[in-house]
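Here the structure comes first, spelled out in structure tokens, and everything after it is commentary.
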Number of protein chains: 2
Amino acid sequence: MSLPHAILTALLEKPSSGLELTRRFDKSIGFFWSATHQQIYRELGRLEQSGLIRSCPQPPSRGQRKEYEVLPAGRTALADWIADPQDPKPVREPMVLRIRAAAAVGGRGLAEELGRHLELHVRQLAEYLEIERHDFPAERLAAGGERLALQHRVLRAGIGMEEYWVEWLRGTLAVLGD
Amino acid sequence: MSLPHAILTALLEKPSSGLELTRRFDKSIGFFWSATHQQIYRELGRLEQSGLIRSCPQPPSRGQRKEYEVLPAGRTALADWIADPQDPKPVREPMVLRIRAAAAVGGRGLAEELGRHLELHVRQLAEYLEIERHDFPAERLAAGGERLALQHRVLRAGIGMEEYWVEWLRGTLAVLGD
DNA sequence: AGCTACATGTAAAGGGTTACATGATTTT
DNA sequence: AAAATCATGTAACCCTTTACATGTAGCT
């Protein structure tokens with residue numbers, strides 16, 4: 001049940017049309033919650049039906065831009081969801097699965113894949129660090145309040161995740177390279 | 001397309017019935033690829049249909065135990081899958097999403113959730129470290145070959161993941177506790 | 001008038017989750 | 001004989017993914 005709340009958050013940050021939301025999911029929001037435009041349009045319909053958001057008054061026809069904004073009920077629903085107990089989702093890591101399979105049938109061709117993934121994660125890490133340098137310099141963090149600090153924690157989650165993968169992939173490549 | 005290959009790997013390690021597989025997915029395999037018994041039975045049927053596994057000769061009736069083993073075609077399919085290029089899946093981290101939502105509408109009640117998750121991850125990390133101490137002592141790792149080293153990398157993935165969460169949750173709690 | 005980009009949507013297929021159903025075996 | 005447990009399976013629902021369809025606006 002995270003997608004509707006991801007959309008509510010995005011709309012609170014800035015009222016948007018479906019396509020604008022899709023673009024933002026491809027960028028910053030997508031760093032920790034991805035979604036396609038089909039998912040987003042469907043969910044926008046449901047959220048409007050439930051009275052959590054509304055589209056601005058003009059009644060647009062099919063190919064027309066439709067801007068949504070969050071209603072008070074939507075803000076309340078989001079605040080409730082934040083504090084709601086939810087267990088961490090069970091893990092599903094295909095790459096780790098491949099290593100276990102390689103332990104069973106041999107790892108021919110796996111090193112290339114590990115190297116390719118390593119490069120992808122190195123690149124993503126560099127992108128995150130660049131954002132951090134640009135948006136969260138030390139003096140701004142010292143001056144800013146909790147809101148800024150939380151936004152920084154979101155970015156830090158991405159940085160830690162990529163560092164984790166980079167280190168793990170390097171270590172695993174070292175084993176295969178023996 | 002990971003579940004069938006997870007099952008092939010598990011069956012190569014040891015031929016099993018559906019329920020036995022389910023138990024192993026609840027334990028070691030489930031640390032990085034979870035699956036319910038319904039998924040497993042469905043997939044066993046498909047794998048048998050495709051000629052990648054077979055159930056042992058006795059034709060069992062409904063409530064009867066049915067043991068599966070991997071056929072040569074299944075082993076080949078698994079080896080192919082290991083080297084097949086697959087991009088990392090887009091990330092979906094509900095907890096990070098909640099932090100971003102908290103930055104927008106305030107984090108009331110979130111600290112409890114963060115603390116609860118922290119405890120869960122601390123416990124999981126301790127479990128992994130205990131397995132490492134028991135199954136991968138330094139002298140065994142030095143003597144063992146690539147197979148053992150790869151199995152260790154699988155466990156190391158779990159350890160690194162939990163360490164990452166523990167550190168991130170502690171840092172985020174520190175922000176909220178200000 | 002045709003082309004391209006923008007914008008919203010529909011359809012179908014597959015995986016995952018939850019709840020339930022049924023047969024066989026063991027225990028009391 | 002009844003109950004509990006083991007074991008396999010069905011059904012319905014939701015989410016995600018992929019491919020396709022349709023309408024609008026601006027430009028040449």
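Below, read A as the first sequence line, B as the second, and so on, with proteins coming before strands; counting in each chain starts at 1.
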(message) Taking the minimum atom-to-atom distance to the side chain of B/R65, which one of D/dC20, C/dC6, D/dA7 wins?
(response) D/dA7

(message) According to ring-ring contact (aromatic ring centres under 6.0 Å, His included), who are the partners of B/Y128, at least two apart in sequence or on a separate chain?
(response) B/F31

(request) For the residue pair B/E48 and B/S55, confirm or rule out a side-chain donor-acceptor distance under 3.5 Å. (result) yes

(request) Nearest whole angstrom, please: distance from the C1' of D/dG9 to the CG of B/L44. (result) 12 Å

(request) Would you list the pairs meeting ring pair (Phe, Tyr, Trp, His ring centres under 6.0 Å) in which at least one residue belongs to residues 76-107 of chain B, sequence neighbours left out? (result) B/H5-B/W81

(request) Please list, chain by chain and in numerical order, all residues satisfying side-chain contact (heavy atoms from CB on, under 4.5 Å) with A/L71, sequence neighbours excluded. (result) A/R54

(request) Select one nucleotide: of C/dT8, D/dT8, C/dA24, the one nearest the side-chain heavy atoms of A/L19. (result) C/dT8

(request) Tell me which nucleotide among D/dT17, C/dT17, C/dA19 gets nearest to the side chain of B/K89. (result) D/dT17

Let me check something: any side-chain donor-acceptor pairs from residues 103-117 of chain B under 3.5 Å, sequence neighbours excluded? List them with distances.
unit_1, atom_1, unit_2, atom_2, d
B/E113, OE1, A/Q86, N, 3.0
B/E113, OE1, B/R98, NH1, 3.2
B/E113, OE1, B/R98, NH2, 2.7
B/E113, OE1, B/R116, NH2, 3.4
B/E113, OE2, B/R116, NE, 2.8
B/E113, OE2, B/R116, NH2, 3.1
B/R116, NH1, A/D87, OD1, 2.8
B/R116, NH2, A/Q86, O, 3.2
B/R116, NH2, A/D87, OD1, 3.4
B/H117, NE2, A/Q86, O, 2.6

(message) Tell me the interatomic distance from A/F25, atom CZ, to C/dA7, atom C1', rounded to whole angstroms.
(response) 17 Å

(request) Enumerate the residue pairs fulfilling salt bridge (charged side-chain N to carboxylate O under 4.0 Å, His left out) with a member in residues 152-172 of chain A, sequence neighbours excluded, ordered by first and then second residue. (result) A/E132-A/R156

Every protein N/O within reach of nucleotides 14-16 of chain D N/O, cut-off under 3.5 Å:
unit_1, atom_1, unit_2, atom_2, d
D/dC15, OP2, A/R46, NH1, 3.0
D/dT16, OP2, A/Q39, NE2, 2.7
D/dT16, O5', A/Q39, NE2, 3.3

